[in-house]
Trainee: 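I'd like to ask some things about the structure below.
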Amino acid sequence: MSVQEMPASPLDLLVVAPHPDDAEISVGGTILKALADGKSVGVVDLTDGEPTPHGTPQRRAKETTAATEVLGLTWRHQLGLPNRSLVDDLDARAKLAGVFRQTRPSVILSPFAEDAHPDHVAATRLINDARFWAKLSKTDLPGEPFHPPRILYYFSVHLRIVEQASFVVDVSEHFERKLEAIRCYESQVIEGRSTEFPTVFDDLRGRARYWGWTIGVGYAEPLHSREPIHGDVFSV
């Protein structure tokens, strides 16, 4: 990965996703809201998400490109780590720390550690460790030392739990476009899936409606912080 592939300016928000479609499913509305507010938003997909029952690496790449266009992302990159065997080893940590040093995000969005998917659990640890490594001096990592100021955690859909949100983002104006971006991943959310109620999209709408209800709006997405939050740290 070269410096030329990185965004020209520091990102306001960087979403780290274990697989393509995780960012859209979990925080697609938050991404769209941030972009609508004039913020720069990037996504780094740790793996290509394959193999899956109906996908191929080529098909998944096309789906990711289509979803990226729907969202209107500032920047997106696939880190090339192994799907199904994602681990927080030194090589992976160095690659992700290099991304953090070169994109210099104000806020990182990471999957929450409590999850049924081993890749998601490993991703959380990897992101936290890479955040620490990104600030180290006297290394061969690309870019200058940088410590991302804030990590916030989004929730995946693999565990049927009621998440303990630190705060909730109103995404009502952007929810339908979020679903449009998710539909780009036809091999994951449409092909081979039941068309009987409740579908994947019924579930997504129901969850977003629940979180919207908690703050008195139409649709919302929950986020978690392990650290105290200052009122203006995350303004999307």
Trainee: Tell me whether Met6 is reachable from Val44 by hopping between hydrophobic residues (I, L, V, M, F, W, Y) whose side-chain heavy atoms are closer than 4.5 Å.
Mentor: yes
Trainee: Is it the case that one hydrophobic cluster holds both Trp133 and Leu46, taking links as side-chain heavy atoms less than 4.5 Å apart, direct or via other members?
Mentor: no
Trainee: Using only heavy-atom distances, determine whether the side chains of Asp45 and His77 contain a donor-acceptor pair under 3.5 Å.
Mentor: no
Trainee: Does Glu114 have more than 12 heavy atoms from other residues, nucleotides or ligands lying within 6.0 Å of its CD?
Mentor: no
Trainee: Begin from the C-alpha positions of Leu96 and Leu81 and carry the test side chain to side chain contact (heavy atoms under 4.5 Å, CB included) through to its verdict.
Mentor: CA-CA 10 Å; Leu96 188 56; Leu81 301 179; over 6 Å; no
Trainee: First locate atom CD of Glu173, then atom NZ of Lys33, and finally report the distance between them rounded to the nearest 0.5 Å.
Mentor: 7.0 Å
Trainee: Please identify which of these residues, Ile190, Leu204, Asp21, Val200, meets the side-chain contact (heavy atoms from CB on, under 4.5 Å) condition with Ile182.
Mentor: Leu204
Trainee: Using atom types as modelled and distance alone, determine if a side-chain donor or acceptor of Glu50 lies under 3.5 Å from a backbone N or O of Arg60.
Mentor: no
Trainee: Kindly check if the number of other-residue, nucleotide or ligand heavy atoms within 6.0 Å of CD (Glu227) is above 12?
Mentor: yes
Trainee: How long is the gap from NZ on Lys135 to CG on Leu141, to the nearest 0.5 Å?
Mentor: 13.5 Å
Trainee: Spell out, as yes or no, whether a donor-acceptor pair under 3.5 Å connects the side chain of Asp12 to the backbone of Ser40.
Mentor: yes
Trainee: If you take all heavy atoms of Pro105 and Pro149, which pair is closest and at what distance?
Mentor: O-CD, 3.5 Å
Trainee: Indicate the atoms forming the closest heavy-atom contact of Leu71 with Ala181, along with that distance.
Mentor: CD2-CB, 3.9 Å
Trainee: Got a sec: does the CD of Glu176 have more than 12 other heavy atoms crowding it under 6.0 Å?
Mentor: yes
Trainee: Let me check something: do Leu79 and Ile108 share a hydrophobic cluster, defined by ILVMFWY side-chain heavy atoms less than 4.5 Å apart, either directly or through other members?
Mentor: yes
Trainee: Give the C-alpha distance, both sets of side-chain angles, the deciding distance and a yes or no for side-chain hydrogen bond (donor to acceptor under 3.5 Å, both in side chains) between Arg93 and Asn128.
Mentor: CA-CA 9 Å; Arg93 193 182 305 172; Asn128 280 285; over 6 Å; no
Trainee: Is it the case that the side chain of Arg209 and the backbone of Gly218 share a donor-acceptor pair, with hydrogens and angles ignored and the cut-off at 3.5 Å?
Mentor: yes
Trainee: For Ser26 and Glu221, does a side-chain donor sit closer than 3.5 Å to a side-chain acceptor?
Mentor: no
Trainee: Identify the two heavy atoms, one from Leu179 and one from Arg205, that lie closest to each other, and give their separation to 0.1 Å.
Mentor: CD1-NH2, 3.3 Å
Trainee: For the NE2 atom of His158 and the CG atom of Asp119, what is their distance to the nearest 0.5 Å?
Mentor: 9.0 Å
Trainee: Would you name the heavy atoms of Gly98 and Pro142 that are closest together and state the gap between them?
Mentor: CA-CG, 3.8 Å
Trainee: Could you give me the CA-CA distance, side-chain angles and deciding distance for Ile151 and Arg131, then say whether side chain to side chain contact (heavy atoms under 4.5 Å, CB included) is met?
Mentor: CA-CA 9 Å; Ile151 291 185; Arg131 180 198 188 194; 3.4 Å; yes
Trainee: Does Arg76 form a side-chain hydrogen bond (donor to acceptor under 3.5 Å, both in side chains) with Thr68? I'd like the steps, not just the answer.
Mentor: CA-CA 8 Å; Arg76 190 166 199 161; Thr68 300; 2.9 Å; yes
Trainee: Check whether any side-chain heavy atom of Arg104 lies under 4.5 Å from a side-chain heavy atom of Glu144, and answer yes or no.
Mentor: yes
Trainee: Any side-chain to backbone donor/acceptor pair from Asp37 onto Lys39? Under 3.5 Å, distance only.
Mentor: no
Trainee: Report yes or no: does Ser110 contribute a side-chain atom to a donor-acceptor pair with the main-chain N or O of Thr124 at less than 3.5 Å?
Mentor: no
Trainee: Going from CH2 on Trp75 to CG on Leu14, what distance comes out if it is rounded to the nearest 0.5 angstrom?
Mentor: 6.0 Å
Trainee: Taking the six-membered ring of Phe201 as reference, does the cationic atom of Arg183 (NZ for Lys, CZ for Arg) lie under 6.0 Å from its centre and within 45° of its axis?
Mentor: yes
Trainee: For Arg101 and Thr139, run side chain to side chain contact (heavy atoms under 4.5 Å, CB included): C-alpha distance rounded to whole Å, both residues' side-chain angles, the deciding distance at 0.1 Å, then the answer.
Mentor: CA-CA 12 Å; Arg101 288 162 70 107; Thr139 75; 4.0 Å; yes
Trainee: So, taking the atom named CD1 in Ile31 and the one named CG in Leu109, what distance separates them when rounded to the nearest 0.5 Å?
Mentor: 7.5 Å
Trainee: Take Arg59 and Glu186 through the test side chain to side chain contact (heavy atoms under 4.5 Å, CB included) and record every step on the way to the result.
Mentor: CA-CA 9 Å; Arg59 185 176 186 187; Glu186 184 176 351; 4.0 Å; yes
Trainee: Does a side-chain heavy-atom distance below 4.5 Å link Val171 with Lys178?
Mentor: no
Trainee: Is Arg125 atom CZ crowded by more than 12 heavy atoms from other residues, nucleotides or ligands, each under 6.0 Å away?
Mentor: no
Trainee: If hydrophobic clusters are built from ILVMFWY residues whose side chains come within less than 4.5 Å, do Leu86 and Val16 share one?
Mentor: yes
Trainee: Under a 3.5 Å distance rule, please check whether Arg150 uses its side chain to pair with a backbone N or O of Val107 as donor and acceptor.
Mentor: no
Trainee: Looking only at atom types and distance, does a side-chain atom of Asn83 sit under 3.5 Å from a main-chain N or O of Thr47, one as donor and one as acceptor?
Mentor: no
Trainee: Kindly determine whether Asp203 and Arg207 satisfy salt bridge (Lys or Arg N to Asp or Glu O under 4.0 Å), including the steps that lead there.
Mentor: CA-CA 6 Å; Asp203 289 345; Arg207 289 165 64 86; over 6 Å; no
Trainee: Does a donor on one side chain sit under 3.5 Å from an acceptor on the other, for His120 and Asp22?
Mentor: yes
Trainee: Side-chain heavy atoms nearer than 4.5 Å, only ILVMFWY residues, links allowed to pass through others: does that put Val217 and Phe167 together?
Mentor: no
Trainee: Quiz question: by atom type and distance under 3.5 Å, do the side chains of Tyr185 and Glu24 form a donor-acceptor pair?
Mentor: yes
Trainee: Can a donor-acceptor pair be found, under 3.5 Å and without considering hydrogens, that links the side chain of Ser166 to the backbone of His224?
Mentor: no
Trainee: Which pair of heavy atoms, one from Pro118 and one from Ala116, lies closest together, and at what distance?
Mentor: CD-O, 3.3 Å
Trainee: Considering non-hydrogen atoms only, spot the tightest contact between Trp211 and Thr214 and give its length.
Mentor: O-OG1, 2.6 Å
Trainee: Within the 4.5 Å heavy-atom criterion, are Leu35 and Thr74 side-chain neighbours or not?
Mentor: yes
Trainee: Under the 3.5 angstrom rule, does the side chain of Asp202 hit a backbone N or O of Thr199 as a donor-acceptor pair?
Mentor: yes
Trainee: What is the ring orientation for Phe112 with Tyr153, classed by angle as parallel under 30°, tilted 30 to 60°, or perpendicular over 60°?
Mentor: perpendicular
